[in-house]
Every structure is written in C-alpha cells, then in structure tokens.
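What follows is a short report on a single structure.
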Number of protein chains: 2
Amino acid sequence: MKPRVSLGLNAVIVAVTREAPRILTIRHDASAAVAPGAKGDLPREDALPSGLLHPDRDRTLELGLRRWVREQTGLELGYVEQLYTFGDLDRNPEEREMGQRVLSIAYLALVREARPSGTRGATWRDWYSFFPWEDWREGRPDVFLKVIRPAVESWIRSAPDGAHRRERRERSEIYFGLGGAPWDFERVLDRYELIYEMGLAAEAERDRSAGQPGSSTTARRLPQLGESMALDHRRILATALSRIRGKLKYRPVVFELLPTSFTLLQLQRVVEALVGVRLHKQNLRRLVESARLVEHTGRYETRTGGRPAELFRFRREVLRERPAPGVGLPGLRHLG
Amino acid sequence: MKPRVSLGLNAVIVAVTREAPRILTIRHDASAAVAPGAKGDLPREDALPSGLLHPDRDRTLELGLRRWVREQTGLELGYVEQLYTFGDLDRNPEEREMGQRVLSIAYLALVREARPSGTRGATWRDWYSFFPWEDWREGRPDVFLKVIRPAVESWIRSAPDGAHRRERRERSEIYFGLGGAPWDFERVLDRYELIYEMGLAAEAERDRSAGQPGSSTTARRLPQLGESMALDHRRILATALSRIRGKLKYRPVVFELLPTSFTLLQLQRVVEALVGVRLHKQNLRRLVESARLVEHTGRYETRTGGRPAELFRFRREVLRERPAPGVGLPGLRHLG
DNA sequence: GGAGATATACTCAGTCCTAGTATAAGTAGA
DNA sequence: TCTACTTATACTAGGACTGAGTATATCTCC
C-alpha cells in the first residue's frame, strides 16, 4: 500500500474575556485511533478545531479556513495568520492504518467575542489550563517548586554522561528561568518541548506506546503538567502562544481582541493575560500614547471602581505610519 | 474529475559570496504548462529547487527537504527553517489539467559555500536581479526615479475613486519610502505585491492570460522590473527575503553564512548585503562585541589593504545566554 | 466627608543608540 | 624612505528611550 499525503487545516482561535485568554476547543473522539497495548480507559480529549480544504472551491487556504470555521462553529474570524505546517511522521496514530501521511496547516486567529457557539461541542477553554507554568501574573507559579524543579533535577541526573548533563542543565535553566536566568515569556514552544522530553506531558507517554505496541514499561510515573490534547495539538497551541507573545511587541495585534473602544487598563489586562506577566501601568500608557497607537474618544467609562477612565480607540493609521517600530540594527544610515 | 490536493516542497537556499547575496535556482521548463492564448516565445524561466516528500520514509518535512536537496544538488544544508505554505488556487497553471491543487511548503536554508554544484542546471543567482529595487547600498536605486515613481503616479491616477486613490498613495509612499516616508528594508513582500499589483512584474500578465485564454488585451506595456520566476516563486523568494531581513535583528543567523572565522568587516558586508543598506561601522562593532556575539581568535587577516583585522569567531554560547534580546514591552516587572 | 479605588501627569536616573573624532597599523607607489 | 591611501580600532558628546517611582485628580461606597 503506497502511502499518500493528505492534508488538514487546524485553527487556534483565541479570545480574551476578562483577564483570561481562551482558545476554542472541540471534543475529539479518541476511540479506534490508538494502537493495541495502550491502556483501556481512553478519555475523550480536547482538540483544536480542524477542517478540510475544498481544493476546487477555496481560492486560498485562508478562505478555506474561514469557511469551515463558519460552518462548524458559526464564528466569523477577524484576524487570521498562518502559523506553521506540521508534518512529522506519526503525529496522527491513524496514519499507519490509513496508509496516509497526514499533514496539518495550522492557523492563528484572533476574535473579539467569546460566545460558546454550540455545534460539535465547541468550548472556550483557558489556555493556561494546558500550560499552567506559563502564567506568572501572580508571581512564579507553584508548579515550579512542586513539580518542575525536582523533575529537572532528576532529569539532569539521569543524563548518560557529563556533556549531556551540562547541556540539560543549561537548557532547563534558560528556558524555565531557573538558576538566576530571566524568565523569557516568548519561549513557550521551547518549554513545552522540554516538558515533553522530560516526560511531564501525558501525550509523550501516549505517543511512545502508540509507536511500539506493548512497550509501555515506563519506570516511574511522573506527575503530568497541564491538560493534554489530542494528537500534537498541544504542540500547535504552544507554537501559537509563542507567536502571539512575540508578535505583540512589533505588531498591534492586541486590538483585534479588544472592543472598538476600551480603557487603557483593559488594554493592559489583555496584554498581561497574553504574555502572562504584570506590566508597569504608567509606562505602558506612555508607550502606547507616544507611539500614537490609540486616540481619545472623549467618552468615559464610569464603572471602574475609582476615577472614571477615558475610552480610547485604536488608531488604524499607525499601520501605515510606523512600518516597523524599533529597528535594532546599528547604523542604518538614512539614505534618502 | 474530482480535484485532489498534492504537495511539493520548495527551498530558498541562500549564500553570500563577496558582498553578493545569492540564491540557488534551477531552470524550469515552461513548455506545455501554459494555457492557449499566451504568447509563443516561452523562455525557460528560473525556478526555485523543488522536490517531493516521501510520505513513508521522511520522518519530518525538514529531513525530506534535506534529502532531496542533497540528491538533486549535492548540497548539505546547514540552517533550515520553514517559511510558509503557499496554496492559492492557480498558483500552478498545470493544476487544472491535472485536476490537482498543488500546494507548496517553502523552506529557507542558509549555507556557507556557493559552489555551483551542477546537476539539473542549478545556478547561483544574485537575488537583487529579481528585486533590483531592494538594494540601497549605493543609495536609492535608479529604478525609483526612472520606473517606480512614474508608474506609481499613473497607478494612483487610474484608481476608480478618491478613496482608492488615497489608499494607493498611502500604500505606495509607505512601502516604497516615497513622499518623505522612511525606507523599511523588511517589507520586501509588501513591495513585491505592490509591484505585482501595479503590473510591473512580468508574471502578473502571465498569470492573467493563463486564467482567461485570449484575454491578453493589455492597454499599455509597462516596463518590467527585475527578472521573473516560474509559478509564484518570486513571491516565495520575497517572503524569504522579508524573513531573513527581519530575523537578523533578533537571531544570530548571519553566522550561518560566514566562515568559522571572519573579520568584523566581513561580517558587516554580509549583513549589508542581506539588508541592502549601509551600516555604521564603529557602532556595529560595538554592538556585536558588547552583545558578546563574537570572540577573539588572536589571529589576524593581513590582506585587508590596510591595517590587519583581527579574526573573530561566533560565540555559540549566546544562544543559551541571551534568550531574546530587546524585550520592548514596558514594565515587565522582574518577578523572580 | 473620609477611605479606598483607579486614572493620569510628571520626574529623575540610567542605559542604549547615533554620529561623530581621533588614532593605529598596514599597503602601494614615487 | 617618505607619502598617500586604506582599513582597523578606541573613544566621546548628545540625544532618545526606559524603568521605577512620586504626586495629584476624580470617582464610589460607606
């Protein structure tokens, strides 16, 4: 049986409602799809929405995505960007049976409202329930002391030799911000891959046992961090997080998640929800205003619990005015 | 005939030899592939190398890419990253005849040496021959006065109404750095798309006539800017340029293109070749040294034509030390 | 009307970047 | 050998931006 390539589209659809970043998930029926030798109690897992391209009707991939998202969930997507194409062998356990290599083109989409529009069991889930170690808004999460640090220690000890040991120590210190290293909120994917490699992700064990039937002879049961997802969807989600957190700095994507008029505190809370870190209020205000990203509306929000806050709106013109903020290369002699 | 999806991999392979950034191209035989009604004299066009995934043997997409690049050209790729997946309808004119939608996953690869390794007519070509408007190292290129500005003017005038006219003016001023706007070297893709839209790219006309046979009733022949490529390969190339130019700022990818030891001027020339702009020598040196991106070797290059220059090497350790330079978000309160 | 909340203005010091000047150390040719 | 020229490297003054804070304004609730 000659294996063929088949293709799916996945969407990471993000909304922020009251300080909580959420993603749209569906329930994935994991029934037949697992090789023999795996454990019997298969919970139905969360999965990212997915659909197919209509090769003859969808003029572009993005339009195809918008179409099936609309059909499946009733959602009309706003901002959409392509994320990455995932194609590792065995990313889908059904591949071997079907004789098909299943690739997935993943997209990131940002929407304003988070109505839990019903069909196919679509639900909005807080993304930090999949990545509990990523939310530092209330300080360093407990899992670092309780789970990650001890797991890291034993993972380092179990390295085959000194070189590997040093490499594991270096990597975990940098990515997890241990041993004095600063926390870099953008490295979501790197951290997930470390978590996976260390055996702290449920899907790691699942993937291993699906590959070699009957080889589920894992030594110790490690605690599992966060909820897992179907297939490689947690990896896709981690890729999306990295992308959003990185992009915030140089493209005004936050505004895709905010209502048309908003207070500066609302803006701040949404940014904080996304990057998982607290910001300095006065400086954020100064930055946002001096970059002319927002403009006054003259109206005020009074239900703030304190002095009323002015409502602002996004100045679309900056997309034209400020091509790319913060160049970062040295001389850049201005040849005009 | 039910159309199916088929998949190819494309590689933008970049090297820099003596101040010239080059990409590896092959000759694409455009023979049967064009709809009737197109002109008869079909030159064979340059194309990006492309190959197929072996669905059952290539464990990852990237490994598949490395395999066929090795097989086709003998090149062993170093740095490789996924660029984008292109899937617009009719990006390949043969699609309709084959009843297949042809997608392409494009990769960016950086290599050190530019040996023109023979098979399949692989040649290294200066990338600025495809984008002559992108090289500002000797000041603003002539094409701006001779071609772009007049074409922009008439393109703006021919807009259907005032709103479109203003939108066209704004867009062309920002992207081309006209009317006082600064030149943003990263917006390569935006500029290419504008060039295409304005009818200054040969492939625009070709794509139109392939779509509607017999409709090649273009009014005036506009001058064509730069050499075109097969299919949508010039668009892929523009995407790659944007990516490289953007990435230089926050990832040390230049060093993938340099020999293991190099002088700081060599480094500067490579960066300048990539971004197409001159840099301030003393500041680049300071930046690179204070960021501890390089380390002394103690050896000197004497054939500089002046005072000998010390040879440096890349400090791989920075990949570990400095997670992401220049955070750019305001408060970022350090919660440790 | 005071406590408590949030909003907004302003300040000060440190860091980094720009655009230079100054000086060192080679080569090529008269 | 001397001079002109080339390139390398060190250093600096001024300005822009950033981090972290103080001060003040304006609401609600009791």
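So you know, we letter chains A, B, ... as the sequences are listed, proteins then strands, and number each from 1.
The ring pair (Phe, Tyr, Trp, His ring centres under 6.0 Å) test with B:Trp136 is passed by exactly one of B:Tyr128, B:Phe185, B:Phe144: B:Phe144.
Atom CG of B:Asn283 and atom P of D:dG15 are 17 Å apart (whole Å). Residue B:Glu301 contributes atom CD, which lies 18 Å from atom P of C:dA25 at whole-angstrom precision. Per the geometry, NE2 belonging to A:His296 stands 11 Å off C1' belonging to C:dT8, to the nearest Å. Atom CZ of A:Phe312 and atom P of C:dA7 are 11 Å apart (whole Å). Distance, A:Leu311 CG to C:dT8 P: 9 Å, rounded to whole Å. Rounded to whole angstrom, the span from the CG atom of A:Leu284 across to the P atom of D:dA20 amounts to 14 Å.
The phosphate of D:dT18 (OP1 or OP2) has no side-chain N or O of A:Arg286 nearer than 4.0 angstrom. Close to D:dT9, at under 4.0 Å from its OP1 or OP2, lies no side-chain N or O of B:Lys281.
Using a 4.0 Å cut-off between charged nitrogen and carboxylate oxygen, B:Arg166 and B:Glu170 do not count as a salt-bridge pair. Looking at B:Glu272 and B:Arg137, no side-chain N of the basic residue comes within less than 4.0 Å of a carboxylate O on the acidic one, giving no salt bridge. Electrostatic pairing of A:Glu19 and A:Arg269 counts as a salt bridge here, judged by a charged N lying under 4.0 Å from a carboxylate O. In this structure, B:Glu153 does not pair ionically with B:Arg149, as no charged nitrogen and carboxylate oxygen lie closer than 4.0 Å.
Contacts of B:Glu310 with the nucleic acid, taken as non-hydrogen atoms under 4.0 Å apart, involve only primed sugar atoms and P, OP1 or OP2.
Listed by residue number, B:Leu265 are the residues of residues 262-270 of chain B with a heavy-atom contact under 4.0 Å to DNA chain D.
With DNA chain C read from its 5' end, the first of the two nearest nucleotides for A:Arg285 and A:Gly306 is the one closest to A:Gly306. Comparing A:Thr302 and A:Ser290, the nucleotide of DNA chain D nearest to each residue sits closer to the 5' end for A:Ser290.
Both the sub-6.0 Å distance and the 45° axial angle are satisfied by A:Arg191 relative to the ring of A:Trp183.
With hydrogens and angles ignored, a donor-acceptor pair closer than 3.5 Å exists between the side chain of B:Gln282 and the base of C:dT21. Put simply, the side chain of A:Glu289 and the base of C:dT8 share no donor and acceptor less than 3.5 Å apart. Residue side chain A:Arg307 does not reach the base of C:dG4 through any donor-acceptor N/O pair under 3.5 Å, judged by distance alone.
Checked against a 6.0 Å centroid threshold, the rings of A:Phe262 and A:Phe314 do not count as neighbours.
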